[in-house]
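For reference, the structure discussed in these notes is given below.
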Number of protein chains: 2
Amino acid sequence: MPTPSYGQPRYRVIADELRERIESGLIPPGALLPAESVLTAEFRVARGTIRKAIAVLREEGYAISEHGRGTYAPAQADRRVDASEQQQELPADAHLADLFKVAPGTMLVARTTVIRRSNQVDTVVRTYRLRPKHPSR
Amino acid sequence: MPTPSYGQPRYRVIADELRERIESGLIPPGALLPAESVLTAEFRVARGTIRKAIAVLREEGYAISEHGRGTYAPAQADRRVDASEQQQELPADAHLADLFKVAPGTMLVARTTVIRRSNQVDTVVRTYRLRPKHPSR
DNA sequence: AGAAATTTGTCCGTATGTATC
DNA sequence: AGATACATACGGACAAATTTC
């Protein structure tokens, strides 16, 4: 079977099925997924197809793979998050000025959000917006 | 020679080489990359390996693929108008280094998302993360 | 300590489907 | 219509990391 030509490709269907098993708790947090060899037997597809399905789950954060060990659902402990926010006004650098089509140095509203996971900074999100000249209402 | 097993996988070495050609301007903005068949001949690898290398560049924002057309380096205009999301690696400045508790200059994964409203840039979101130790891709 | 088994990672070659020029 | 190129899928092989015996 080269290409199904019906609806979704098989690797996506398999990804949907595995995602469902993780979300439903059938595969609990931290637990290993069945090995690729097992999944190829269950779904009767080539290993490459299984690997592609798992790659989708990895990108979505539903799975973590480790060489020689296996692929497992993310543990819940890692999901403990805590965020703080801060807002300030900053001049636009060349890149931002180009994006917004304004002169460099134009003041922008910048909001920085710091997300911590298990007391360690995990992600820093910075949001830039044009400063409204007149409140539009 | 199935797998060289030395250092980086070949698809990454090839991705590095192609990225260099784009950054150096050898492949100018907007220009098509050599055809997959050409790259296959040049690097003497299978198509799948070339495709994986190009997939890396796509994720980094260094290449855009269009079905039936080809893969090209992003034009400057495209970065403003088209690219809604781009991922790159940047050294941490003093502020970010302090937050993440790493040395300044440590490479971070930065993802920039541009949100437009009626053809005008509305918000720019930049997300910074530590580079994972075990890149599962 | 060490060998074997398991599991993911990489790569090859081929084939067919589908979209664009 | 034909050429080109991407998308999906198969099966086989070896490498490398981890676990198990």
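In the text below, chain A, chain B and the rest are named by the order of the sequence lines, each starting its count at 1. Because the structure is predicted, anything quoted here is derived from the model rather than measured.
Cluster annotation: B:Phe43 is connected to B:Leu57 through the hydrophobic network of ILVMFWY side chains, with a link wherever side-chain heavy atoms come within less than 4.5 Å.
Of all heavy-atom pairs between A:Arg116 and A:Ser84, the closest is NH1-OG, 3.5 Å.
A straight line from NE2 of A:His67 to P of C:dT6 spans 16 Å, rounded to a whole angstrom. One interatomic measurement links the two molecules: CD1 of A:Ile64 to P of C:dT7, which rounds to 19 Å at whole-angstrom precision. Rounded to whole Å, the distance from CG on B:Leu33 to P on D:dT4 is 18 Å. Atom CG in A:Leu39 sits roughly 16 Å away from atom P in C:dT6 (whole-Å rounding). Rounded to whole Å, the distance from CG on B:Leu32 to P on D:dA5 is 9 Å. B:Ile50 places its CD1 atom 17 Å from the C1' atom of D:dA7, with the value rounded to the nearest Å. Straight-line distance from the OH atom of B:Tyr72 to the P atom of D:dA5: 15 Å, rounded to whole Å. Rounded to an integer number of Å, the gap from CD of A:Glu66 to P of D:dA17 is 13 Å.
The side chain of A:Arg69 sits closest to D:dT18 out of D:dC10, D:dT18, D:dA17. Distances from the side chain of A:Glu36 to the nucleotides C:dG9, C:dT7, C:dC12 place C:dG9 closest. Which of D:dC10, C:dT7, D:dA7 sits closest to the side chain of B:Arg58 comes down to D:dA7. When each of D:dA15, D:dC6, C:dC12 is scored by its nearest atom to the side-chain atoms of B:Thr71, the top-ranked nucleotide is D:dC6. Set against C:dG9, D:dA9, C:dC12, the side chain of A:Pro9 has D:dA9 as its closest nucleotide. Side chain of A:Ala46, nearest nucleotide from C:dC12, D:dG11, C:dT7: D:dG11.
Residue B:Tyr11 places at least one side-chain N or O closer than 4.0 Å to OP1 or OP2 of C:dT10. Between B:Arg51 and D:dA7 there is a side-chain polar atom (N or O) within less than 4.0 angstrom of OP1 or OP2. Residue B:Thr49 has no polar side-chain atom (N or O) positioned under 4.0 Å from OP1 or OP2 of C:dT10. At the phosphate of C:dC11, neither OP1 nor OP2 sits under 4.0 Å from any side-chain N or O atom of B:Lys52.
Contact annotation for A:Gly70: backbone-only contact, meaning every heavy-atom pair under 4.0 Å involves sugar-phosphate atoms and none involves a base.
Rounding to the nearest 0.5 Å places CZ of B:Arg12 at 8.5 Å from NZ of B:Lys52. For the atom pair CG (A:Leu18) and CD1 (A:Ile27), the distance works out to 6.0 Å, reported to the nearest 0.5 Å. In this structure, the separation between CZ on A:Arg58 and OG1 on A:Thr71 is 6.5 Å, given to the nearest 0.5 Å.
Both A:Val45 and B:Ser37 sit near DNA chain D, but only B:Ser37 has its closest nucleotide nearer the 5' end.
At least one side-chain heavy atom of B:Leu108 sits under 4.5 Å from a side-chain heavy atom of B:Phe100.
If you check distances only, the side chain of A:Arg47 does reach the base of C:dG9 with a donor-acceptor pair under 3.5 Å.
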